[in-house]
Amino acid sequence: MLRLHDTATGTVTDVAYRNPGEASLYVCGPTVYDAPHLGHGRFALVFDVLRRYLHFTGVAVTYVSNVTDIDDKIIERAAERGVEPGELAQTYETVYWEAMDALGVLRPDLTPHATAYVDDMVGLIGALVERGVAYETDDGVYLSVADVPGYGLLARQPLESLRAGARVEAADVKRSPLDFVLWKKAKPGEPTWPSPWGPGRPGWHTECVVMSLDLLGEGFDIHGGGIDLAFPHHENERAQAVALGSDFAHHWVHNGFVVVDGEKMSKSLGNFTSLDDLLARSDARAYRLLVLRSHYRSPIEVPPATTAQAEDGLPRLDGVARRFGLPDLLADGPVTDGAAGAQAVDADAVEEFRRRMDDDLDTPGALAAVFDLARRANAADDAGDHEAAARAATTVGLLCAALGLSLHTASDDALDADTAELVRRRDGARADRDWALADRLRDELVALGWVVEDGPEGTRVRRP
Ligand SMILES: [Zn+2]
């Protein structure tokens, strides 16, 4: 039985499904106004692992993750670039999915877009006004949080202390500083939709309420996202659902930050490293491994050295795949625990893996068990116990597949003469500490379609 931390109660509890054997998940997706950073990669990987693990244990998963394609930041950035907001959003949505594909993150079953749900959002806001919990001002429509029972559940703070900490702006038209905008009346030059309160656009917190209830129905199982979304975004989503009398998410799951020098990584702080940078410099699987090595609720630091360290774990697993000729179990999508077919698996190891994962997704523990198994496979083979070795190796392949970690069995790509020459020159430039030349030669290799990695023995290249 899977147990997960629930932000609403602050405790690790059983995940009870609305329909036995079926899990419904809603995870807040990206606002597409820039290239995705490592924080996006982390939430996507964490929930990809959760989704794959549920599938592994025989639970049928419906995974919905939205795309926010209209927002202040999109409008601002589009104006800076002199393009339409819709065009900018489309561009960065494409970039987002390319990065997710590179990370091996499964595409959601459903990907609702905010702009496709505006009419439904207008309907929801209208219902809130009718119930007397939302009010109109000169610039929009707001939800009165004092009229929502239990506001502060996800912040884990009572309304009074939230109110004491809230920033009051001089020009505020709101009745209370915690009230949040549901509908923004049009400003010149912005995209607008019609509404009973005049042309405008919805605030960010309404879309996920409408889309999750529409696609997953009342009382869906798990609502997730990065911990920075717990308050106010998820609190405000929940407040709308509660005010409408809807049965909303039953379990709230949040992953920790990616931090740089102790500070949260975010675009607004300007300290983000793009996923593209990471993917150009290291094996895409290294980030999955790095994410798995930390508990999903802990913050992670991602300096370059850490990525290199995570990358060092990959050859140990790939080595087992090569030595024992393991098949690529992920070729046909996520696996179930029967994916090894007629091949014997180490049932105790699978049970240990499940015990770890069921315990609030203890991926560091589960991964340690997989590495231990890899060591045992090699040791048994060295000792001539080929049956035990094969069983352990098959299990390594199965459990890596359960975590979405593909293993490479092919030996290094053969290098053509031109590539070999570029690699040789680049190693020379690095030895001479001529970083500009080394960077230029790396760019040449990338242009030839190679992924370039800096290993202890110098430049390594491989096909993506
Ligand atoms: Zn959301």
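Order of listing sets the numbers, starting from 1, for every ligand and every atom in it. Keep in mind the model is a prediction, meaning the values are calculated, not measured.
The backbone N or O of W197 sits less than 3.5 Å from a side-chain atom of S195, completing a donor-acceptor pair. Side chain of E237 to backbone of H205: no donor-acceptor contact under 3.5 angstrom is found.
With the Zn ion (ligand 1) as the vertex, SG (C208) and NE2 (H233) define an angle of 120°, rounded to 10°.
At a cut-off of 2.8 Å, C28 coordinates the Zn ion (ligand 1) through an N, O or S atom.
Per residue E237, closest N, O or S atom to the Zn ion (ligand 1): atom name OE2.
Cation-pi geometry between R77 and Y33 is not satisfied (NZ or CZ under 6.0 Å from the ring centre, within 45° of the ring normal).
Y63 and Y26 have their aromatic ring centers separated by at least 6.0 angstrom.
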